[in-house]
Undergrad: 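Have a look at the structure that comes next, please.
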Amino acid sequence: MSTAKTFIKFRWIFPGVYLIGLFILIVGMFMGAGHTPRRLDFLANLIAAPCYLLDILKLDRWIPDTLLFDIIICVIVGLAACWIVGFILDIAVLKILRSSTSNES
């Protein structure tokens, strides 16, 4: 029986999965001499999604044009997005768990 206090916190799992995907992509690029292996192309698109969002919002005017800074900003925005999605999912799970425990009583 799971209670509202013992459920898995998605706000920490999603950013962790994002960082693991980033680590796998970086290791794959090092092993492939700077080229992403075909099997890891989906990770490149998943990790780069925040960069696409920043490009759409045209935030390049305020961000210095250096590759390392761009990568750091993209990873920070990606982690924040994963945390926000996990937090919203945590709230939804808590509401479901609380309503199911109140119905059982």
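Everything numeric here is computed off the predicted structure, so don't read it as measured data. Along the sequence shown, residues are numbered consecutively beginning with 1.
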Undergrad: Would you call the rings of Trp83 and Phe87 parallel, tilted or perpendicular, where under 30° means parallel and over 60° means perpendicular?
TA: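 Parallel: the ring planes of Trp83 and Phe87 meet at under 30°.
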Undergrad: Could you work out, with side-chain contact (heavy atoms from CB on, under 4.5 Å) as the rule, every residue matching Val17, not counting sequence neighbours?
TA: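 Here the qualifying residues are Ile13.
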Undergrad: For Cys74, which residues count as a disulfide (SG to SG under 2.5 Å) partner, sequence neighbours excluded?
TA: Cys51
Undergrad: Side-chain contact, heavy-atom cut-off 4.5 Å: Leu46 with Tyr18?
TA: no
Undergrad: Could you list the cluster mates of Ile96? Members are the ILVMFWY residues connected by side-chain heavy atoms closer than 4.5 Å, either directly or through other members.
TA: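 So far as hydrophobic clustering goes, Ile96 is joined with none.
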Undergrad: Between the side chain of Asp90 and the main-chain N/O of Lys9, is any donor-acceptor distance below 3.5 Å?
TA: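 No; judged by distance alone, with no hydrogens or angles, the pair does not exist.
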Undergrad: Other hydrophobic cluster members with Met31, side-chain heavy atoms of Ile/Leu/Val/Met/Phe/Trp/Tyr under 4.5 Å, chained?
TA: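 Joined to Met31, directly or through intermediates: Phe23, Val27.
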Undergrad: Please collect all disulfide bond (SG atoms under 2.5 Å apart) contacts where either partner lies in residues 10-46, sequence neighbours excluded, each pair once.
TA: none
Undergrad: For Pro50 versus Val77, what's the shortest heavy-atom pair and its separation?
TA: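 That closest heavy-atom pairing would be CB-CG1, 3.8 Å.
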Undergrad: Could you state the interatomic distance from CG (Leu43) to CD1 (Ile26), rounded to the nearest 0.5 Å?
TA: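 Separation between the atoms: 11.0 Å.
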Undergrad: Should Tyr52 and Val75 be counted in the same cluster of Ile, Leu, Val, Met, Phe, Trp and Tyr side chains packed under 4.5 Å apart?
TA: no
Undergrad: Could you measure the distance from the CG atom of Leu89 to the CG atom of Leu94? Nearest 0.5 Å is fine.
TA: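 Nearest 0.5 Å value for the CG-CG distance: 10.0 Å.
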Undergrad: Kindly write out the residues that satisfy side-chain contact (heavy atoms from CB on, under 4.5 Å) with Ile84, not counting sequence neighbours, or none if the list is empty.
TA: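 Ile84 satisfies side-chain contact (heavy atoms from CB on, under 4.5 Å) with Ile88 only.
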